[in-house]
Amino acid sequence: MSVGTLLENWSEFRHFHPVDDKPHDPYKWAMSIDLDTCTGCNACSVACYAENNIPVVGKEKFQHGQQMHWMRIERYWSEDDREFPDQGAQFLPMMCQQCEAAPCETVCPVGATNHTADGLNSQIYNRCIGSRYCSANCPFKVRYFNWYDYPTVDNVWPAEMTRQLNPDVSVRGKGVMEKCTFCVQRLRAVEVTAKSEGRIVREGEVQTACQQACPSSAISFGNLVDPESRVHKQWAAQQVVLEADEQEKNKEHGTSELRGYRILEELRPYPSVMYLEQVRESAV
Amino acid sequence: MKDIREDIAWAKINKDVLVSLENPRKMYWVIVFSALALFSVGVGCEVYQYNVGMGVANLNNPNVWGLYIATFIFWIGMSHSGTLLSAILHLMHADWRKPIYRFAEAMTTFSLMTAGLFVMVHIGRLWQFYYAFPYPSERWVWPNFQSPLLWDAMAIFTYLSSSVLFLYVGMIPDLAICRDNLHEGWRKKLYTFLALGWEGTDRQWRNFRITYLTIACFLIPLAVSVHSIVASDFAMSQQPGWHVTSFPPYFVAGALYSGCAAIITLFIILRYVFKFEDYMTKSILKKTVRLTFAIAMVWTYLNAVEFAAVWYGHDVDAKQVLIQKATGPFAPFWWGMIFCGSVLPLILAFKRFQTNIPVLFAVSLLLNLGMWLERWMIVAPTFSHGYYPWVWDNDQWPSLVQWGMVMGSFGWFTLLFMIFCKVFPSVSMYEVKEMVYHRSLHLKKDETAEQGAH
C-alpha cells in the first residue's frame, strides 16, 4: 500500500464527467421512459421489489417514510379547477437516474458508490458505513437506507415467500444504503455470456425487471452506444445528448415538437434516463 | 473594577486552587450525578438504536440526517472558544484570559470528544466506522479523498489530538505544584507521572514557553479549518440552503459564539462550585461578555449576508428553502433561533447586565439554545424542501431516541468536564501568578510590593 498505488488508483477512481478520457465502450446502459404511455399501474415497482429482494416494510414503517421502493411512481395532480376524481393525474416513474456526474459519488467518505465502466452508478453494500451523505446530496432522493435489519424483521418476506427471493441479488443488512441498480445482475450475466462468445450484448438480449413488467411498454432500456438499440434511436430522435446540460427541447422554450428531457439537468448530473413528455390529455 | 486583586499572595493562589481539587461545594456532586443520569439515558438510547436499527430515531428517506448531525455541529462549534481564549488571546497578550483559559481549553477537548460520539451514533454501521480512515489495508482500499466527511474525520482527529496536547503542555507547571503539595495517594502518583519531572529551572521554562507558543500557533489555523470543513459538508453539497459560499466563516463565527456563551455558563458554575470568586472576577466576566456580544453581532451580520444573498440571488430553490424556514413547519424554531441568537444578546450591551450573574447565566444558556437551533435549522429544512417535489410533503419529527441522545451528550460533556475540574487545577496557577505580578509592577516603587513580587 504505497502512495504510488494510491495515486494510480486515484486516476482510475475519479475523472471528469461526463467522461471524455474514457469513452463508454462497448456499453453505456441507459433508459427512456414514455410518460405518454405510462398509466401509473405500479407494475414496474412490484417487479422491482420481486427482482431485487427489496424488503416490504409494512404499513407502520411506510407511514414513517421508511419505505424502500427503488422504483416509485410519483403522482402529480393537474392544477385545473376540476375536483377529484375528474381531476387529471400525471404519473412519473422515478428511480436512480444513474447520473454520469453523480452528486452521490463524490461525497461518500469511503468510496462505496462509484461509477462503472458501462455507465452505472454502483453501490457497494459491504463498503458502505451508512453516513447517508449520498442521499443527502442526491437531487432526486432516490436512495434508500436500511433503517432496520430487514432480513431478520418479521413479515418483511413472509415465511412462505422466502423461496421467492432472487438468488442473484444480495439481501441487504441494516445500516447500508441501496438504490436502483438498473438490474445489474442481469446486465453482468449477459455481458459475460456475450464476452465468452466474442461479441457485445445484442439489443433485446437484456431487459430490466421494470421494463419487462410494464404492460404499456413505456420503459425502454439498452445500450446507448449501440446504434441499433431502441434507446439510442429514441435519444437520437429526441436530440437528447448524454453530455449536454440543456437539451434541444428546452432551448426552444415551449415551442418544440420534441418530447425528450432529463430531470434536473441544470444541476449537471448528466442522468442516464430520458423522459418523454406527456402530450395526451391527462388520465382521469 | 480590577481583573484580579494585586495583593493576592502566591501561596494563597496555590492554596485556593488546590482546595478545588479536594472539597468543592455540595452542588458539585449534584451536577456530577445529574450529568451521570443524563448520560445513562443517552447510553440507553444508543444501545436500543444499535440493536434495533437506525429506524427507531424516526429518520426516514429522504430525511436521512437529523438531530445527530445538528448536535454534532453544535459540539464542534463549542470547541472553538477554548482555542480562541488560550491561543488567539495568548498571542494578543490579553492577560485577563489567564484565570479562565484552562477550563475553556478543557471545554474544547471534551466538546470535541462529544462531537466525535455523534459521528458514531449517526452512521448506520458503527462497527465499520474505521473505513473512513486511510488505514493500511491488505486490500489497498482507500477512503474517498473527495468527500468532505473524510476531511471532517481527519480534521477532527487532528484538532482533538492537538488540543489535548495543548491542554496538557499548558498544565505541566501546575501539575508540578500539585505533585509537590498533595498528600500521598493515587493522585500524587498521577501528578508525578504527568509533571514529567518539572522543577521550574530556567531551561525548562524557556523550552516550555517555546513549546506552548508553537502549539498555540499550530492550533489557530487548525481551529478555523475544522469548522470550515464542517461547513464544507454542507457548502460543498448541491442542495438548496446548503450550497452557500459564506458558510465557512458563518460556521466559524457561530462556533466562537456558542463557545463564548458556554464559557460564560461554565464560568458562573465553576466560580460558585469551586469558590473561585477571587480569580474568576466579575471584571473578567465582563470582558468575556463583551467579547461574546461582539461575536454575536458578527454572527448576526453573517446571517444577514446569507439571507440577503439568497433573497436577491437567482437560485429559486434556495429562496424557497429560506421562505419555508421562516413560514413552514420549522418556523417556530427558526424564529426562536433569530430571537436567541440575534435579539437576546443585545442585552449584553448594557453595562448593568454585564456583571449580573443570574441574568448572564440564563442568557448564556439561551444563547446556546439559539445556536443549537441554528444548527438544526441548517440541517433539517433542506431535507423537507429540496429540489425534488416528491420530498416536499415529508414531515419528519425526531423520535425520543434522538432527543435522548442529544440530552445524553450534554450529560457526557458535563460529566467529563466536572471530573476534569476536580482532578486537575481548573485555574492556571502559574499564569495567575504572572498576571498578579504584571499587574503589581506599577507598585514597584513601593518597597513591600517589590519584595512581594519576587
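Remember, predicted model here, so these are calculated numbers, not experimental data. Residue numbers begin at 1 in each chain, while the letters A, B, ... track the order of the sequences.
Note: Tyr131(B) leads Tyr131(B), Trp397(B), Tyr387(B), Trp127(B) in heavy-atom pairs under 4.5 Å with chain A. When Phe140(A), Tyr148(A), Phe145(A), Tyr133(A) are compared by the number of non-hydrogen pairs under 4.5 Å with chain B, Tyr133(A) comes out ahead. Among the candidates Gly53(B), Ser147(B), Ala57(B), the residue making the largest number of heavy-atom pairs closer than 4.5 Å to chain A is Ser147(B). Ranking Met94(A), Lys61(A), Met177(A) against chain B, the residue ahead of the rest is Met94(A), based on heavy-atom pairs under 4.5 Å. Put simply, of Arg143(A), Arg75(A), Gln66(A), the one with the most heavy-atom pairs under 4.5 Å next to chain B is Gln66(A).
For the residue pair Trp372(B) / Thr71(B), a side-chain donor-acceptor distance below 3.5 Å is found, with atom types taken as modelled. Between the side chains of Glu246(A) and Tyr261(A), not a single donor N or O lies within less than 3.5 Å of an accepting N or O. Checking Asn121(A) against Glu105(A) by side-chain atom types alone, a donor-acceptor pair falls below 3.5 Å. Side chains of Asn61(B) and Gln67(A): a donor-acceptor N/O pair is absent below 3.5 angstrom, by distance only.
The backbone N or O of Pro389(B) lies less than 3.5 Å from no partner atom in the side chain of Tyr76(A), so there is not a single donor-acceptor pair. Between the side chain of Arg262(A) and the backbone N or O of Val240(A) there is no donor-acceptor pair closer than 3.5 Å.
Proximity to chain A is absent for every atom of Ser399(B), based on heavy atoms less than 4.5 angstrom apart. When heavy atoms are compared at a cutoff of 4.5 Å, Ile129(A) approaches chain B by way of both its backbone and its side chain. Contact annotation for Val56(B): both backbone and side-chain heavy atoms come within less than 4.5 Å of a heavy atom of chain A. Of the two parts of Tyr50(B), only the backbone, made up of N, CA, C and O, holds a non-hydrogen atom closer than 4.5 Å to a non-hydrogen atom of chain A. With a 4.5 Å cut-off on non-hydrogen atoms, Asp149(A) touches chain B through its backbone but not through its side chain. Neither the backbone nor the side chain of Asp317(B) comes within less than 4.5 Å of any heavy atom in chain A. In this structure, chain A has heavy atoms under 4.5 Å from both the backbone and the side chain of Leu59(B). For Asp233(B), the parts lying near chain A are the backbone and the side chain together; criterion is any non-hydrogen pair under 4.5 Å.
Stacking of Lys174(A) on the aromatic ring of Trp147(A) is not recorded, the 6.0 Å distance cut-off and the 45° axial limit not both being met.
Side-chain rings of Tyr144(A) and His69(A) approach one another, their centers coming within less than 6.0 Å. The distance between the ring centers of Phe307(B) and Trp334(B) falls below 6.0 angstrom.
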